[in-house]
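Encoded as structure tokens, the structure appears first; notes follow it.
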Amino acid sequence: MGTTLVVAAIVIAAVVVRTAVAELREPGSGRRQWSFLSDSRALSAGAITALVLGLLGWRQAGGEGVVWAGLAGILVAFALGQGRLPR
């Protein structure tokens, strides 16, 4: 399980670094990239993805499956929220 947590942390860190580099190049782009946190559609899709994959992952791999399901939910919400301005 330790390796799984490290890899998931690396993926999340890569997303944060990507945001930081984009913010340095174009101020304000970081806010657009993280706008999914206030987008109900993106958050709902991410939560549903995490829940479904979490249930399947728990049955197949236990705690490691839940970690990957959570990461997948975050990435789905991040991808769906790109380019949309919060309402």
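Quantities reported herein were computed from a predicted structural model and do not represent experimental measurements.
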For the student: nearest non-hydrogen atoms of [X] and [Y], plus distance:
X: D39; Y: G81; value: OD2-CA, 4.1 Å
X: A69; Y: G54; value: CB-N, 3.2 Å
X: A50; Y: G70; value: CB-CA, 4.4 Å
X: S29; Y: A22; value: OG-O, 2.9 Å
X: Q33; Y: F78; value: O-CE1, 3.4 Å

Margin query: Within this structure, what is the CG-CD1 distance for the pair L43 and I74, rounded to the nearest 0.5 Å?
Written below: 10.5 Å

Notebook entry, point to check: Which value, rounded to the nearest 0.5 Å, describes the distance between L71 atom CG and L53 atom CG?
Noted result: 10.5 Å

Checklist line | Test applied, side chain to side chain contact (heavy atoms under 4.5 Å, CB included); reference residue, V21; option that passes from R25, E23, R18 | finding: R25

Check: Could you walk me through whether V6 and I10 pass the side-chain contact (heavy atoms from CB on, under 4.5 Å) check?
Finding: CA-CA 6 Å; V6 170; I10 289 171; 3.9 Å; yes

Check: Given the rule in the side-chain contact (heavy atoms from CB on, under 4.5 Å) test, do V76 and F36 qualify, once you have shown the distances and angles that lead to the verdict?
Finding: CA-CA 10 Å; V76 165; F36 76 92; over 6 Å; no

Checklist line | Criterion side-chain contact (heavy atoms from CB on, under 4.5 Å) on L75 and V11, from CA distance to verdict | finding: CA-CA 10 Å; L75 292 175; V11 170; 4.3 Å; yes

Checklist line | ILVMFWY network linking L56 to L51, side-chain heavy atoms under 4.5 angstrom | finding: no

Check: Can you check side-chain contact (heavy atoms from CB on, under 4.5 Å) on L5 and V67, steps first, answer last?
Finding: CA-CA 7 Å; L5 290 175; V67 170; 3.7 Å; yes

